[in-house]
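What you see below is based on every heavy atom in this structure, not just the backbone, and it leaves out hydrogens, waters and symmetry mates. Indexing begins at 1, ligand by ligand and atom by atom, following the structure's order.
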Amino acid sequence: MVKFVTDIWDTFSTVFKGMGITARYMRKKPVTQQFPEERWALPDRFRGFVHNDVPRCTSCTLCAKACPVDCIYIEMEGKGKDRRMTRFAIDYNKCIWCSLCTEPCPTNCITMSHDYDHSVYLREKLVYEFVGDPVIPFKPKKAAREEEAEA
Ligand code: SF4
Ligand code: SF4
């Protein structure tokens, strides 16, 4: 009989305890974010994907030399004033987000962006090309996803 009463008491007390927690949270504002439409404000020094503002790039290769994992690929053709950069790519399979490439840049065109959500299905897609066709990291996110789904 005692056990029966104890069980009844335990049942009701745990239900009320749970309902008390629910009631407490009902008065609070929701914390869920509707990602990717809503995002946290990132701190200024957050290191996201590396971005190169190519028109300001002088092809000096200092960033590639500073990179500890050799994941910046720069190719050029021509000499002197005719020198032209034909490829600037970053292999994010290797990048360690150390930001060392941004330090020696004479024009400050290479920076750590606030972009971080570029998940892909294939490793090859993590080699981002900045010259010529795709500048993947800085396309509008929806367009980049649609393009990847089509590929
Ligand atoms: S952040 Fe570091 S690892 Fe990544 S490209 Fe720059 S120097 Fe290389
Ligand atoms: S250091 Fe700056 S200017 Fe020189 S190649 Fe790298 S991004 Fe371009």
Side-chain angles (χ1 to χ4, degrees), residues 10 13-151:
D10 282 348
S13 68
T14 49
V15 168
F16 282 119
K17 209 180 279 177
M19 292 305 287
I21 293 170
T22 306
R24 205 163 64 231
Y25 276 90
M26 278 172 74
R27 289 197 303 273
K28 290 188 176 173
K29 283 187 178 171
V31 291
T32 310
Q33 267 195 327
Q34 299 303 318
F35 184 85
E37 284 75 25
E38 293 173 16
R39 289 157 187 273
W40 294 116
L42 296 167
D44 283 347
R45 295 176 67 187
F46 177 84
R47 294 178 188 172
F49 281 71
V50 183
H51 176 51
N52 186 5
D53 184 12
V54 172
R56 288 164 54 210
C57 176
T58 61
S59 331
C60 67
T61 73
L62 288 177
C63 54
K65 285 175 186 151
C67 179
V69 293
D70 295 331
C71 69
I72 300 179
Y73 311 131
I74 302 175
E75 290 169 18
M76 285 169 285
E77 59 183 30
K79 282 191 178 163
K81 282 186 179 175
D82 295 330
R83 190 171 69 164
R84 200 169 63 86
M85 187 164 68
T86 53
R87 188 182 188 211
F88 187 101
I90 298 179
D91 184 352
Y92 288 105
N93 292 295
K94 293 159 75 182
C95 178
I96 54 172
W97 278 263
C98 65
S99 190
L100 287 176
C101 53
T102 65
E103 304 286 336
C105 180
T107 60
N108 292 327
C109 64
I110 189 165
T111 50
M112 305 303 286
S113 78
H114 278 189
D115 272 10
Y116 56 86
D117 58 329
H118 295 276
S119 45
V120 292
Y121 288 108
L122 298 171
R123 285 180 165 223
E124 303 86 74
K125 287 187 180 286
L126 280 174
V127 181
Y128 288 170
E129 303 284 346
F130 289 79
V131 176
D133 263 344
V135 183
I136 304 169
F138 299 94
K139 278 183 181 170
K141 291 181 172 51
K142 195 162 170 251
R145 278 191 208 105
E146 285 169 357
E147 197 171 277
E148 190 168 277
E150 284 168 14

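Shown here for Arg56 and Asn108, the closest heavy-atom pair between the two residues is NH2-O, 3.1 Å.
Annotation: the span from Asp53 atom CG to Thr111 atom OG1 amounts to 8.0 Å, rounded to 0.5 Å. Taken from CE in Met19 to CE in Met26, the straight-line distance is 8.0 Å, to the nearest 0.5 Å. Rounding to the nearest 0.5 Å gives a distance of 9.5 Å between CD of Glu38 and OG1 of Thr32.
Scanning the protein heavy atoms around atom 6 (Fe) of ligand 2, the nearest turns out to be Cys63 SG, 2.3 Å. Looking only at protein heavy atoms, the nearest one to atom 2 (Fe) of ligand 2 is Cys105 SG, 2.4 Å.
Between Val127 and Asn93, the closest side-chain pair of non-hydrogen atoms falls below 4.5 Å. Within the 4.5 Å cutoff, no side-chain heavy atoms of Ser13 are placed close to those of Phe16. Side-chain contact between Cys63 and Ile74: present, with at least one pair of heavy atoms (C-beta onward) separated by less than 4.5 Å.
Interface atoms of ligand 2 facing Thr61, defined by a heavy-atom separation under 4.0 Å, are 4 (Fe), 5 (S). Set against the non-hydrogen atoms of Ile110, the atoms of ligand 2 under 4.0 Å away are 7 (S). Within the listing of ligand 2, atoms 3 (S), 8 (Fe) sit less than 4.0 angstrom from a heavy atom of Thr58. The distance from ligand 1 to the heavy atoms of Pro68 drops below 4.0 Å at these ligand atoms: 7 (S). The atoms of ligand 2 that sit less than 4.0 Å from any heavy atom of Cys57 are 3 (S), 5 (S), 7 (S), 8 (Fe).
Residue contact check for ligand 2: Pro104 places no non-hydrogen atom closer than 4.0 Å to it.
Under the rule for a salt bridge (charged side-chain N to carboxylate O under 4.0 Å, His left out), the partners of Glu75 that lie at least two apart in sequence or sit in another chain are Arg87.
Classified by interplanar angle (parallel below 30°, tilted 30° to 60°, perpendicular above 60°), the ring pair Tyr92/Trp97 is tilted. Between Phe130 and Phe88, the two ring planes are perpendicular [angle over 60°; tilted spans 30° to 60°].
Within the protein, the N, O or S atoms lying under 2.8 Å from atom 4 (Fe) of ligand 1 are Cys95 SG.
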